[in-house]
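Note that the structure is a prediction, hence the values are computed from the model and not measured. Keep in mind that the numbers below use all heavy atoms, side chains included, and drop hydrogens, waters and symmetry copies.
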Amino acid sequence: MDLLSRKATCNSHGQDSSYFLGWEEYEKNPYDVIKNPQGLIQMGLAENQLCFDLLESWLANNPDAANFKRDGQSIFRELALFQDYHGLSSFKNALADFMSENRGNRVSFDSNNLVLTAGATSANETLMFCLANPGDAFLLPTPYYPGFDRDLKWRTGVEIVPIQCSSTNGFRITKLALEEAYEQAKKLNLNVKGILITNPSNPLGTTTTQTELNILFDFISKNKNIHLVSDEIYSGTVFNSSEFMSVMEIIKKKQLENTDVFNRVHIVYSLSKDLGLPGFRVGAIYSNNKDVISAATKMSSFGLVSSQTQYLLSALLSDKKFTKNYLRENQKRLKNRQRKLVSGLEAMGIGCLKSNAGLFCWVDMRHLLSSKTFEAEIELWKKIVYEVKLNISPGSSCHCEEPGWFRVCFANMSEETLNLALKRLKKFVDDGNSKRSCQNNENQRQKSSRKKTMSTVSNWVFRLSFQDREAEER
């Protein structure tokens, strides 16, 4: 008899992905400007550290919230005792308002339709448990966040079928690609229960267009048993908020309220990216389906958000002057930082997919591959990790169908560290270009030498042949 369960011993967690292996290498040798200046710089972590000064300033000016006081009186006992897993109404109301605010108040959210979870990871897994049975499938456009192989599949038994997107159209979802994925799932005898997208996209850093959203809504309108899950945890990182369109806006535009489609569209949200608070473990499910809300609420008891965290953040999010300034300044700083990375890469001949959101760029290094294969991509990735000392995520870990693309994060470090990272990468590229130039010169020299040798041999053969004929004539 096995000592542990099959779940405990199975290898479906995805921990052996190059995405996680890069993190492991970073943890062995983390860069520190003072303690370890030759260490590995972490560019594989989508973390937002650009506005901590705003958060810390708010905390300094609002000591009651940070010290668990109300009107100067301690409420520590109130927060420390048992809380119902529905969550604090004050926090859920503040979160619903904030979700509306970072969507330009074009749509509103009902706090009664929110379920709090311990981060977006828990929210996505809980939705899988609610919507699908083991062996059912969800369709995901590629490239997608590597952690989904763990979050959506590992404990739920749900399968992922990729919607293969291509660089030829900027990795946009097409009707043909969606239908091909659906047909592929049927060939595999998989029951498709839904589509999951990230909007804005991780790892692309792009917002989903209205055309793409229309394709998705047309598809689920035609297929009555299929759900649409929109992971919108990067909605507050869009450089131009008018370019982001939530699935809730499509419902409003198409007047789908109180229809069967209305009950099959769900949103995942979190404060990990927009506010840069991944350690607080605050996530949420938003759904208009009362049965989903009921089931998810029961399941949320396995991953609650602490009452102390809810109290602190309800005070912060209820400060409308702060949230308005924060969202504006966060988008401004992200835009400037993204431009710095893009311009630095362009200066060394490396391009990026045009993006307008997120904490990363989708970087095109196809020209640096030794061959157009995923083996060559991993070979290049290993050089960048072990020689250049930068941890970036290879496209294959995101299930990209084209080798040579990499996700590179820019918001989890200081500007000085980003400058150092670009300097390291430039030296690597320059050295590679120099080697290729020398190799090309050597190849050209050898080619020229072979031509001269062949010419000499040809002339010798010609002279010998002429002499032979001359001898015969004599």
Taking 4.0 angstrom as the limit, do [X] and [Y] come out as a salt bridge?
X: R155; Y: E125; value: yes
X: R333; Y: E329; value: yes
X: K321; Y: D319; value: no

Side-chain contact test, heavy atoms from C-beta onward, threshold under 4.5 Å: evaluate it for [X] versus [Y] and give yes or no.
X: M248; Y: R106; value: no
X: I163; Y: T142; value: no
X: L341; Y: L422; value: yes
X: C400; Y: W362; value: yes
X: P394; Y: I378; value: yes
X: L390; Y: V385; value: no
X: F148; Y: D231; value: yes
X: V107; Y: M99; value: no

Testing S397, S396, S371 one by one against E377 for a side chain to side chain donor-acceptor pair (under 3.5 Å), which residue passes? S396

Mind checking the [atom1]-[atom2] spacing from [X] to [Y]? Nearest 0.5 Å is all I need.
X: L275; Y: F98; atom1: CG; atom2: CZ; answer: 4.5 Å
X: S306; Y: F280; atom1: OG; atom2: CZ; answer: 8.5 Å
X: E24; Y: S18; atom1: CD; atom2: OG; answer: 11.0 Å
X: K389; Y: Q42; atom1: NZ; atom2: CD; answer: 14.5 Å
X: N330; Y: F239; atom1: CG; atom2: CZ; answer: 10.0 Å
X: N199; Y: L213; atom1: CG; atom2: CG; answer: 6.0 Å

Checking [X] side chain against [Y] main chain: does a donor-acceptor pair fall under 3.5 Å?
X: H367; Y: G349; result: yes
X: T309; Y: V305; result: no
X: N102; Y: S235; result: no
X: N93; Y: S89; result: yes
X: S167; Y: G170; result: no
X: T198; Y: N202; result: yes
X: S100; Y: D97; result: no
X: R337; Y: F410; result: yes
X: K273; Y: A46; result: yes
X: N36; Y: P30; result: yes

Should S300 and T297 be marked as a side chain to side chain donor-acceptor pair (under 3.5 Å) after you check the CA-CA gap, both sets of side-chain angles, and the distance that decides it? CA-CA 5 Å; S300 71; T297 300; 5.5 Å; no

Taking the ring of [Y] and the ring of [X], is the distance between their centroids below 6.0 Å?
X: Y286; Y: F109; answer: yes
X: Y326; Y: W58; answer: no
X: Y234; Y: F360; answer: yes

Do [X] and [Y] get their side chains close enough for a donor-acceptor pair, meaning under 3.5 Å?
X: N419; Y: K340; result: yes
X: E232; Y: S246; result: yes
X: S270; Y: S272; result: yes
X: N412; Y: Q49; result: no
X: E401; Y: S166; result: no

Quick check: closest heavy atoms across [X] and [Y], and the distance to 0.1 Å?
X: L368; Y: I350; answer: CD1-CD1, 4.2 Å
X: L369; Y: T373; answer: CD1-O, 4.3 Å
X: D149; Y: H399; answer: OD2-NE2, 2.6 Å
X: G22; Y: L40; answer: O-CD2, 4.3 Å
X: L116; Y: G87; answer: CD1-CA, 4.0 Å
X: I384; Y: M365; answer: CD1-SD, 3.9 Å

Classify the ring geometry between F68 and F76 as parallel (under 30°), tilted (30 to 60°) or perpendicular (over 60°).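 Tilted.
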
Can you classify the ring geometry of Y19 versus W23 as parallel (below 30°), tilted (30 to 60°) or perpendicular (above 60°)? tilted

If you count heavy atoms of other groups shown closer than 6.0 angstrom to [atom1] of [X], is the number above 12?
X: Q73; atom1: CD; value: no
X: K320; atom1: NZ; value: yes
X: F52; atom1: CZ; value: yes

Mark yes or no: R103 above the aromatic ring of Y269, with NZ or CZ under 6.0 Å from the six-membered ring centre and no more than 45 degrees from the axis. yes

Side chain to side chain contact (heavy atoms under 4.5 Å, CB included), paired with L425, selected from V363, I392, L420, L345: L345

Qualifying residue for side chain to side chain contact (heavy atoms under 4.5 Å, CB included) with F138, from T156, V229, N124: V229

Are E402 and R366 close enough, and set up right, to give a salt bridge (Lys or Arg N to Asp or Glu O under 4.0 Å), and what steps lead you there? CA-CA 9 Å; E402 302 171 21; R366 287 176 292 180; 3.5 Å; yes

Determine, step by step, whether I293 and S287 satisfy the side chain to side chain contact (heavy atoms under 4.5 Å, CB included) criterion, reporting the C-alpha distance in whole Å, the side-chain angles of both residues, the deciding distance to 0.1 Å, and the verdict. CA-CA 7 Å; I293 291 299; S287 176; 3.9 Å; yes

Side chain to side chain contact (heavy atoms under 4.5 Å, CB included) between T237 and D274, worked out: CA-CA 6 Å; T237 70; D274 291 353; 3.6 Å; yes

Please determine whether side chain to side chain contact (heavy atoms under 4.5 Å, CB included) holds for the pair L359 and C409, giving the CA-CA distance in whole Å, both sets of side-chain angles, and the decisive distance to 0.1 Å. CA-CA 6 Å; L359 311 175; C409 299; 5.7 Å; no

Residues in salt bridge (charged side-chain N to carboxylate O under 4.0 Å, His left out) with E212, at least two apart?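 Applying salt bridge (charged side-chain N to carboxylate O under 4.0 Å, His left out) to E212 gives R172.
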
Check step by step if salt bridge (Lys or Arg N to Asp or Glu O under 4.0 Å) holds for K382 and E387. CA-CA 8 Å; K382 286 181 177 179; E387 297 176 20; over 6 Å; no

